[in-house]
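To start, the structure under review is shown below, and the notes come after it.
Within every chain, numbering begins at 1; the chains are lettered A, B, ... in the order of the sequence lines, protein sequences first and strands thereafter.
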Amino acid sequence: MTAADSEFAAVLTGVFHRYPGEVRDSISAIDLTLRSGERVALIGPSGAGKSTLLSLLDGRLRGFRGGAIVLSNALDARRAPPRNERAKVGFIFQEFALVERASVRENVRNGRLGRVTQMAALFNRFSEADHSAVDRAMADAGILEFSEKRADCLSGGQRQRVAIARCLAQEPQLMLADEPISNLDPLRAEKILQLLGQTVGRRNSTLMFSSHQPVLAMRYADRVIALNNGSIAYDGSPEKLDRVLLAEIYANDKGSDCPSLRLVG
Amino acid sequence: MTAADSEFAAVLTGVFHRYPGEVRDSISAIDLTLRSGERVALIGPSGAGKSTLLSLLDGRLRGFRGGAIVLSNALDARRAPPRNERAKVGFIFQEFALVERASVRENVRNGRLGRVTQMAALFNRFSEADHSAVDRAMADAGILEFSEKRADCLSGGQRQRVAIARCLAQEPQLMLADEPISNLDPLRAEKILQLLGQTVGRRNSTLMFSSHQPVLAMRYADRVIALNNGSIAYDGSPEKLDRVLLAEIYANDKGSDCPSLRLVG
Amino acid sequence: TGDKLTLAFIPQENPEKLVGDVKRISAWLSERLGADVTGFVTVDHAAAVEALRNGDADISFMGALPFVLAEAEIGAQPLLAEVYRGSAFYTGRVFVRRDSGIETLAELKGSDIAFADPISESGYLYPLEAFVKAGLLTPERGTSSFFGRVYFAGGYQQALQAMAGGLVDAAAASQYGELLLTPQQQAEVTWIAESEPIPSHLVIARPGIDADLRSRFVEAMLSLNEPENQPLLAHVYSPDGYIAADTSAYDGVRAIARRYGLLD
Amino acid sequence: MKPTDPDESRRASWRAVWPSLVIGAAILWAGIGSDIELSRVANAGGRIAEFLSRMFPPDLSIAREAVDATLETLRIAILGTIGCILASAALGFLAAESMTPRAINAPVKAMLALMRAIPLILVAMLMVGAVGLGPLPGILAIAFHATGMLGKFYADAIEGVDRAPVAALESAGATLLQRLRYAVWPQMAPDLLRDTVFRFELNLRESLILGVVGAGGVGFYIQTYVRSFQYDKAATLTIIVVLIVLLIELANTWLRRLSR
Amino acid sequence: MKPTDPDESRRASWRAVWPSLVIGAAILWAGIGSDIELSRVANAGGRIAEFLSRMFPPDLSIAREAVDATLETLRIAILGTIGCILASAALGFLAAESMTPRAINAPVKAMLALMRAIPLILVAMLMVGAVGLGPLPGILAIAFHATGMLGKFYADAIEGVDRAPVAALESAGATLLQRLRYAVWPQMAPDLLRDTVFRFELNLRESLILGVVGAGGVGFYIQTYVRSFQYDKAATLTIIVVLIVLLIELANTWLRRLSR
Ligand SMILES: Nc1ncnc2c1ncn2[C@@H]1O[C@H](COP(=O)(O)OP(=O)(O)OP(=O)(O)O)[C@@H](O)[C@H]1O
Ligand SMILES: Nc1ncnc2c1ncn2[C@@H]1O[C@H](COP(=O)(O)OP(=O)(O)OP(=O)(O)O)[C@@H](O)[C@H]1O
Ligand SMILES: [Mg+2]
Ligand SMILES: [Mg+2]
């Protein structure tokens, strides 16, 4: 990789993917370049392929075709990236993916696992830096208060914030967030989006988050990518994305016979 | 019960609840009357007790104190209501609660189980009425297209719509929806809220739904109830709920140190 | 001295007694031989022979058929033969219920019979030989040519119980097997045929055992015949006494074992 | 876990230490008390090789009897398994904590433990006493004894299902049976299948003890051959058993793939 | 399931019918072929009562020996269980489909099946041959034989965990061992505990065969008593076993409550 590559967080060229046994591609013909330091919102109707695209960037999608380079590492369609590459990319899961029987703190600490030595972690030996990163992440996500509660004794929004804190604790170079505010009240939602944006700014890392609240999403993104039926329907600045375009993006997917409703404000 | 009761879908008087081993009440001193035909939005910060209150009305909350009458049936803090009462109250779960290995259609059909005879259902014998209710619910939720797919092969928003369709197929008298639009794109979200409202209007049933999108929620509700730290902080018409009040509701909860951000528009 | 001797016992009727017996006999032998004698209980002769093979045990106690098998397998040596009820021999018998009216072996054609165990001289091979002698069957054609159904019940007692309970028509067991039934049952059954004499149980040694130690052991065991030591016999399966074993006494057993494919 | 009450949390961690202490003490007692010369393990290699060499080459001359015995064993195992599936379905359901009140599931659980605890040989004798010699007592003994384990497995499988969809169906008005059929069953079917096939495999091998009751079968032959030092013949039968078990394992994988 | 391709879905449903056909045929064969007089079951009631009456009152005169034998059995079971836990942890992990590639897990799975398939009596003989008499061969035999089952259980438990958090940890850069420790372990600990305690209980009862290797555990006594029709003594020992098993069951419930 040349030095010039480092200005790109990710480069996808002609990526296709289809889930086994399906008749339609989940994402198709994706060409996409993420620049370092960008904050990108990913929008599009339900089933458009947002989660699939994000998991591709995270190195978790198997069996795609096309070229995918993430943080200078070329992804392999058959196997997961090496550990140090995985540690650099953080992910907030749409359905949280918490370890239910573990405490909030343990769940957040799991975000540090990519950075500690194998043996140290096995015996629960985390460094001071790890502990303080975990505490900071929990404070930022507003979950310090119930840090010793078990993950399965939380409300939906509390669980979502644990998932967010885990990713924050990881301090990744590329942060991928799949509907990170779906279960958060508006104040918290804004706070979290702001926080993710700040984190990115502070460390010149990159953020891509999907959301079903385009108005909010556009407020915290430098760039918006819209997916529809697996393809990119819009890629540009939030400012240029007007009501008409938005309505098109959401109305235009197969299997949707929605009337054209007010979308903004 | 007197005839006058039937104009009330639910009457709660002085209801308290605390999860085992917790130090704070999840809901406290709730006095609440739901009139038949009402469409009520339930809002409030994450962890305020919305899911708890909804599950109380659904008859699934054990160990509460106080009086709770739902559709003329007095709830028991120690056991679930009888079958016919449960069948009358529908619930859309915040985390969907689908049977993963079953198909979309089977999941939706499960909503009919309260209405068929025991034996008929065991041998997969559903009536014409059941089948058409299931088809209608799937069409309304926009999931007919993938009705034979397995529930665990769907996107987040698709899964949520299966949960909604299951409740629609149940044709309940009281419909309780816990964050039914959290994973839906704006168009679909509006469509679903509209649909739930219409269903209620058509059958003079009652709707209570929680949401973290107060703007959307207020648009489709006759009445808004706001919870904060387990207590009712607002109960009234959506029109009277202005920015200041909203900001107060969301800012005022413990463990939240959010700056006061713009909440509306 | 540094002599070590290990005994492998095979359990009989009273295991709770056997464990104590093993201790008593080992202690007595230790003193008598001036050697370190330990005893183990094994569940059957196969494990005992396995231990003899590797030198984990030196001495064991077993019946004539297991002995000839062990002899062929590992070269086990016969040391002593038990004398039981005044004889170094006993027999196997074929039992039936009195009310069945059966009096000869030939009448058993097509009936169901229970044997004790396929590796049993008195509960299987010898009684079977009685049928062969009577010309009713041959080892080559097998038991199914004569009997209805053939069961291996697992032991004398199970076989006799099955017969006494009416589940089969006849049972083969040791001549002393009858004593294992209740007095009431004993009155209801009788035997209709008896086998050739079978050499009684014996004490055997592994092939490589130190010759001096062996002869001292034999001598010690024979001293159990003396009146003052007689009570100790109750701790080694209660024979009347021991005599030196004569290897040719087992030729008959060897022949039968060979005939039924247990020996090459 | 209440960080606000240190006393309580200290008590909780003590409660967690207790079991470890008990288990540790038991292990210590077991290890120290027994006269085990682990050194003997060191030079066991040659002996094992010698033992195994006695099994080779397997004596294939008994192939015919072996096949007959195998069929007999299979038959007993199949019928015994059917019996225990039926009993286990009922008892397993009753023993599941998520299905019945404590007053029912606790005693049923204890009863299943008891059924497992009664030694198979005793059950076998009881059955011989009850229905005579032959395969029938073997089948009954297997069915009875196996229910103690399979019923427990079924209960575990029922308890292991995700409760959310079960609660959702209950909320929709589904009866207990309907919840079993439409929420519990689809979730646990693969586990059930796995456990049942596994128990079938075990039943097949418990015919070892069934030789006792005149039921014949592979186990009886193996036992007899071992006792007459015909290890090469025992090897032939063992190979057959191994092949069958591997076949079952294959079928299991295949079935599970279908049911996933 | 693709509604768009009826052919494919028809083929799929055929694939689902196949196993039922095979199983159905096997049952039919087993049921028809065997000479089982089910009528005998009808009048078994009295005989069972008679049999049980022979067990009462239990002969308590052997209580002392019974207690000694029980301790011996416990010791063998504990040490055997430790051995099989260690082996099972390693093999179970290797056999789990979600942990290792097919090229590893399939052969390890087969090996575990093989370990289960070898009759315990043969394993016991092998161990006597290898390390001589005393408790050691019993412990080794138990450890070996039990690993075939427990390793499979561990693999099943690993395969049964929710994959989402495991994937989340993998995405965060956790190594295989770390994923095991922090995502798999917390999820499966209760299952593991349950399976291990269960196997301990089984090991306790497999002392039946352990009489083979000297010292004499409970099982050996029971077997001998049953074979010599001293049912009242067998009853005493059975009661002890039952008590221990119930105790284990209690401990199990208690431990699981702690680990939930
Ligand atoms: N099973 C449980 N055990 C203990 N505490 C619980 C449990 N479920 C919820 N809680 C607590 O009860 C409070 C109310 O939870 P509830 O789920 O009702 O909140 P909510 O308003 O639905 O929040 P959200 O918007 O995040 O879904 C929270 O503080 C939560 O931590
Ligand atoms: N495991 C799977 N197997 C088969 N098809 C799948 C699977 N996961 C997703 N799909 C399908 O792939 C398409 C894209 O799914 P994806 O989850 O990427 O959508 P999404 O944009 O994230 O939607 P949402 O907003 O609803 O979460 C959908 O049509 C979905 O049904
Ligand atoms: Mg998604
Ligand atoms: Mg909630």
Side-chain angles (χ1 to χ4, degrees), chain D residues 15-16 19 26-27 29-31 33-38 40-41 44 47-48 50-51 74-75 78-79 82 109-110 113-114 116-122 125-126 129-132 134-136 139-140 152 156 160 191 194 198 201 205 208 219 222-223 226 234 238 241-242 245-246 249 255 258, chain E residues 15-16 19 26-27 30-31 33-38 40-41 44 47-48 50-52 74-75 78-79 82 109-110 113-114 116-122 125-126 129-132 134-136 139-140 152 156 160 191 194 198 201 205 208 219 222-223 226 234 238 241-242 245-246 249 255 258:
Chain D
R15 264 209 309 274
I27 292 175
W29 164 78
S34 55
D35 50 349
I36 297 167
E37 305 158 39
L38 269 178
R40 282 197 271 161
V41 178
R47 288 162 155 227
I48 290 180
E50 194 268 335
F51 185 94
L74 265 177
R75 181 168 281 160
I78 290 175
L79 295 176
I82 292 175
K109 269 215 166 82
L114 206 136
R116 296 197 296 276
I118 300 177
L120 183 54
I121 184 171
L122 209 63
M125 291 319 283
L126 172 68
V131 299
L136 184 56
I139 293 165
L140 293 179
K152 176 193 144 68
D156 288 342
D191 286 2
R194 178 193 72 197
F198 178 66
E201 192 198 299
R205 281 175 297 111
L208 258 185
I222 292 181
Q223 207 163 21
V226 168
T238 304
V241 174
V242 166
V245 168
L246 289 181
E249 194 65 27
L255 278 172
L258 276 182
Chain E
R15 265 208 309 275
I27 293 176
S34 56
D35 50 348
I36 297 166
E37 304 157 39
L38 270 177
R40 283 197 269 165
V41 178
R47 286 160 163 232
I48 288 181
E50 195 267 339
F51 182 94
L52 291 179
L74 264 177
R75 178 166 284 160
I78 289 175
L79 296 176
I82 292 175
K109 270 216 163 84
L114 205 137
R116 296 197 296 275
I118 300 177
L120 186 52
I121 184 172
L122 216 58
M125 287 312 223
L126 173 68
V131 298
L136 185 58
I139 294 166
L140 293 180
K152 177 194 144 66
D156 287 342
D191 286 1
R194 178 193 72 197
F198 178 66
E201 192 198 298
R205 281 173 299 110
L208 258 182
I222 292 181
Q223 202 164 29
V226 168
T238 303
V241 174
V242 166
V245 168
L246 288 181
E249 192 69 2
L255 279 172
L258 277 181

Self-check item: chain E contact via D/Asp191 - side chain, backbone, both or neither, heavy atoms under 4.5 Å
Solution: neither
Quiz item: Between E/Arg116 and D/Glu249, is there a salt bridge with N-O shorter than 4.0 Å?
Solution: yes
Self-check item: Heavy-atom pair count under 4.5 Å with chain D, highest-scoring of E/Leu246, E/Leu126, E/Leu114, E/Thr238
Solution: E/Leu126
Quiz item: For E/Ala234, is it the side chain, the backbone, both, or neither that has a heavy atom closer than 4.5 Å to a heavy atom of chain D?
Solution: side chain
Quiz item: Counting heavy-atom pairs under 4.5 Å to chain D, which of E/Val242, E/Val241, E/Asp156, E/Val245 comes out on top?
Solution: E/Asp156
Quiz item: Side chain, backbone, both or neither: which part of D/Val226 has an atom under 4.5 Å from a heavy atom of chain E?
Solution: side chain
